[in-house]
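Scroll down for the structure; my scribbles are underneath it.
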Amino acid sequence: AYALKSLDLSRVVEDMTALLESSLAPGVRVVTDFPPRLPVVEGDETQVRQIVMNLITNAREALAERGGTIRVSTGIVDADADLLADAYPAGDRSPGSYAYLEVSDDGPGIDDETRERIFEPFFSTKFSGRGLGLAAVLGIVRGHRAAIRLETGPESGTTFRVLFPLRAGAAAQPAAAEETAPGRGGSGSVLVIDDDDAVLEVTHEFLRRAGLSVVLAPNGLEGLRILKEDGGIGVVVLDFQMPGLDGVEVLREIRRYRPRLPVLVATGYAEEIAAQRVAVGEFTSYIQKPYDPDVLVHRVQDALAGADAD
């Protein structure tokens, strides 16, 4: 179940867009429009961040070869029955005012055949930069009682617009962000091992902003090589699911020569399922994907501080 709370949609989307800009090719630019005083929506911030990441990643892939512009915006729209008629999921959203998140690109667009299947699980047209994580996006949209519209066509660009119902009695003044207790400091670099480039980039930015030194590895073998050569690694953030040498195998190899090194296992699985594959005590902590930035930073800081105390 999602942890729904009052959200300032503009702030969440602006934050995530800024993090992702560093992952764009030189020929791709981002144009943004985030009104500062949108009515509040009910949402799970971590899941809304996931929507932004997936939609911008799709736009980035679509523009990879030709370059172009990605436009990211938020706002309010009065959605009538006609506007909602071709939204996903079909048929269960009422006309009214919605806050929206919109990501558009001026890339090659999507043909009709692909459009019909683009939200299906496991469907991907990665060769043309589409279908990456869109089934997950639709699942999050459903969980928020929201809707998503797609406007596209061959050589006419693509626009995804997610419509979030407003919180009952929502005012134009966003709710204050919740305070989180600061994590404890510690020494050493953070080694992040993950096969997803977008996850690596976002994780790096989260940790860098917290003042941490970060080293990235795109697979398990590279991660182990870095770990053997760099004695300054103080904690590892390890993806559980990777092709080739997966997280379980990497963890067991780490334990052979760095038995006390803190390892934070990152996975989209439930913690109980992850724990079935490794013995209790083999990893230091568990982090649910997609990351909550505060949780990630504090877990890493606490792991570093704990290692210093040993």
Side-chain angles (χ1 to χ4, degrees), residues 1-20 32-59 70-105 115-116 118-121 132-152 158-178 268 288-294:
Y2 297 144
L4 300 181
K5 63 182 181 180
S6 298
L7 280 190
D8 175 355
L9 186 63
S10 287
R11 179 190 62 79
V12 174
V13 177
E14 182 175 16
D15 237 19
M16 198 64 187
T17 303
L19 288 174
L20 292 167
T32 61
D33 181 17
F34 304 123
R37 290 175 59 84
L38 289 185
V40 173
V41 301
E42 290 285 334
D44 182 317
E45 181 167 342
T46 300
Q47 299 295 333
V48 173
R49 285 177 177 272
Q50 184 72 38
I51 291 176
V52 179
M53 185 172 81
N54 286 13
L55 293 182
I56 292 180
T57 299
N58 269 271
I70 299 172
R71 299 182 184 276
V72 186
S73 61
T74 55
I76 295 291
V77 62
D78 288 322
D80 58 19
D82 289 340
L83 185 143
L84 294 170
D86 60 353
Y88 303 84
D92 56 353
R93 301 295 175 264
S94 302
S97 292
Y98 288 78
Y100 69 79
L101 149 65
E102 184 172 284
V103 178
S104 66
D105 65 73
R115 177 175 179 154
E116 290 297 315
I118 202 161
F119 291 109
E120 293 179 7
L132 305 177
L134 289 175
V137 167
L138 184 57
I140 297 170
V141 165
R142 280 197 181 98
H144 283 74
R145 305 184 313 282
I148 184 168
R149 299 187 74 246
L150 167 59
E151 297 177 6
T152 188
T158 300
T159 298
F160 288 95
R161 177 179 279 197
V162 183
L163 305 172
F164 292 93
L166 301 182
R167 189 190 61 167
Q173 178 62 47
E178 293 184 1
Q288 178 72 45
K289 283 185 172 183
Y291 298 132
D292 178 304
D294 290 333

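In this chain, numbering begins with 1 at the start of the sequence shown. All values reported here derive from a predicted model rather than from experimental measurement.
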Q50 side, atom CD; I140 side, atom CD1 - distance, nearest 0.5 Å: 5.5 Å
With sequence neighbours excluded, what pairs up with A136 under the side-chain contact (heavy atoms from CB on, under 4.5 Å) test? N54
Show the nearest heavy-atom pair for residues L101 and L9, with the distance to one decimal. N-CD2, 4.3 Å
Please name all residues satisfying side-chain hydrogen bond (donor to acceptor under 3.5 Å, both in side chains) with R161, sequence neighbours left out, ordered by chain then number. E102
Looking at D44, is its backbone amide N or carbonyl O close enough to the side chain of H144 to form a donor-acceptor pair, meaning the two atoms are under 3.5 Å apart? yes
Rounded to the nearest 0.5 Å, what's the gap from CG on L19 to CD on E14? Could you check? 11.0 Å
Could you walk me through whether T159 and L150 satisfy the side-chain contact (heavy atoms from CB on, under 4.5 Å) test, starting with their C-alpha distance in whole Å, then the side-chain angles of each, then the deciding distance to 0.1 Å, before giving a yes or no? CA-CA 6 Å; T159 298; L150 167 59; over 6 Å; no
Main chain of R145, side chain of R93: is a donor-acceptor contact present, judged purely on distance under 3.5 Å? yes
Salt bridge (charged side-chain N to carboxylate O under 4.0 Å, His left out) partners of R49, counting only residues at least two apart: D15, E45
Tell me, do N58 and L134 make a side-chain contact under 4.5 Å, heavy atoms counted? yes
Does the side chain of L7 reach to within under 4.5 Å of the side chain of V40, using non-hydrogen atoms? no
Which heavy atom in A81 sits nearest to a heavy atom in P95, and how many Å separate them? N-CG, 3.9 Å
For Y98 and L83: C-alpha separation, side-chain torsions, deciding distance, then whether side-chain contact (heavy atoms from CB on, under 4.5 Å) applies. CA-CA 12 Å; Y98 288 78; L83 185 143; over 6 Å; no
Listed partners of D86 passing side-chain hydrogen bond (donor to acceptor under 3.5 Å, both in side chains), at least two apart: R149
Closest heavy-atom pair, P165 versus A146, reported as atoms and distance to 0.1 Å, is CD-CA, 3.9 Å
Check whether any side-chain heavy atom of F164 sits under 4.5 Å from a side-chain heavy atom of V48, and report yes or no. yes
Rounded to the nearest 0.5 Å, what's the gap from OG1 on T158 to CG on D105? Could you check? 5.0 Å
Does some side-chain heavy atom of F160 sit less than 4.5 Å from a side-chain heavy atom of S104? no
Determine whether L55 and V162 make a side-chain contact, defined as any pair of heavy atoms from C-beta on separated by less than 4.5 Å. yes
Checking Y88 now: which residues fulfil ring-ring contact (aromatic ring centres under 6.0 Å, His included) with it, not counting sequence neighbours? F119
When you look at L166 and V41, which way does the side-chain contact (heavy atoms from CB on, under 4.5 Å) test go after all the steps? CA-CA 5 Å; L166 301 182; V41 301; 4.1 Å; yes
Side-chain atoms of residues 70-78: list all donor-acceptor pairs with protein atoms under 3.5 Å, sequence neighbours left out, distances to 0.1 Å.
from, atom 1, to, atom 2, distance (Å)
T74, OG1, S10, OG, 2.8
D78, OD1, S97, OG, 2.6

